[in-house]
Amino acid sequence: MSDCLFCKIVAGEIPSKKVYEDEYCYAFEDIAPVAPVHILFVPKEHISSAGDITPENSAVVGKIYEAVAKVAKEKKLDGGWRVVSNCGPDAGQTVFHLHFHLIGGRPLGVMVSE
Ligand code: 5GP
Ligand code: ZN
């Protein structure tokens with residue numbers, strides 16, 4: 001997608017602080033971190049949100065989670081960490097290219113209860 005911020009970051013047209021890259025996904029530091037570790041994992045292929053995951057494109061989600069687990073180990077997030085994917089405006093999604101926030105490095109409190 002020519003008009004997508006994260007497609008441009010994947011293509012190197014907009015600079016980012018790369019943390020990890022493979023055939024399927026790209027990971028980079030969030031520009032406005034909410035914790036000592038705050039990394040965004042995106043598929044290289046444009047998928048707008050978690051609501052657009054289908055049988056045809058879902059394999060990349062597993063690949064992204066493999067990358068998340070690897071990076072969490074590298075960053076020594078041994079006490080725990082959280083993955084968040086906001087889908088749609090009510091959830092606060094602001095960039096409409098599927099992404100997974102890896103957040104950690106401090107106690108995160110309870111986000112979902114009941
Ligand atoms: P969302 O709100 O859609 O779940 O998450 C979008 C995230 O992208 C936010 O945490 C925001 O800080 C991050 N972000 C927005 N623009 C940029 C950018 O140009 N570079 C980087 N590295 N992060 C960005
Ligand atoms: Zn995109």
Side-chain angles (χ1 to χ4, degrees):
M1 281 252 301
S2 56
D3 201 22
C4 169
L5 175 64
F6 287 173
C7 280
K8 286 180 181 162
I9 284 180
V10 168
E13 291 165 18
I14 291 176
S16 64
K17 289 187 182 164
K18 178 167 116 175
V19 176
Y20 175 87
E21 181 175 16
D22 64 27
E23 190 183 338
Y24 308 95
C25 73
Y26 184 76
F28 54 102
E29 289 180 13
D30 195 292
I31 205 167
V34 300
V37 173
H38 187 169
I39 298 165
L40 300 174
F41 290 74
V42 306
K44 288 189 167 175
E45 168 196 5
H46 181 87
I47 300 170
S48 295
S49 76
D52 295 296
I53 294 168
T54 64
E56 288 70 40
N57 65 21
S58 65
V60 74
V61 178
K63 294 294 179 186
I64 286 177
Y65 265 81
E66 287 180 35
V68 167
K70 191 174 165 160
V71 170
K73 282 190 190 78
E74 280 170 10
K75 296 287 180 185
K76 304 197 180 344
L77 300 180
D78 303 330
W81 39 273
R82 180 173 289 153
V83 172
V84 175
S85 185
N86 296 316
C87 179
D90 281 0
Q93 185 178 7
T94 57
V95 180
F96 288 83
H97 178 129
L98 176 64
H99 53 281
F100 296 85
H101 300 251
L102 170 62
I103 299 165
R106 65 166 170 79
L108 296 171
V110 175
M111 190 182 70
V112 180
S113 58
E114 305 218 337

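Just so you know, ligand 1 is whichever comes first in the structure, and atom 1 is the first atom listed for that ligand. Starting from 1, each residue takes its place in the sequence as its number.
Between G92 and ligand 1, an N or O atom pair is found at a separation short of 3.5 Å.
The shortest contact between atom 16 (N) of ligand 1 and any protein heavy atom is with L5 CD2, 3.4 Å. Looking from atom 22 (N) of ligand 1 to the surrounding protein, the closest heavy atom is E29 O, 2.9 Å. For atom 1 (P) of ligand 1, the closest heavy atom belonging to the protein is H99 NE2, 3.1 Å. The single protein non-hydrogen atom nearest to atom 3 (O) of ligand 1 is T94 N, 2.7 Å, given as residue, atom name and distance. Among protein heavy atoms, atom 7 (C) of ligand 1 sits closest to D30 OD2, 3.5 Å.
Ligand 1 places these atoms under 4.0 Å from at least one heavy atom of H101: 1 (P), 4 (O), 5 (O), 7 (C), 10 (O).
Among all heavy-atom pairs drawn from I53 and S58, the shortest one is CG2-CB, 3.6 Å.
Between V83 and F41 there is no side-chain heavy-atom pair separated by less than 4.5 Å.
Of the candidates V34, I31, I14, I9, it is I31 that places a heavy atom closest to atom 23 (N) of ligand 1.
Centroid-to-centroid, the aromatic rings of F6 and Y26 stay 6.0 Å apart or farther.
The atom of H97 nearest to the Zn ion (ligand 2) is ND1, with the search restricted to N, O or S atoms.
Heavy-atom distances between F6 and ligand 1 reach below 4.0 Å in at least one pair.
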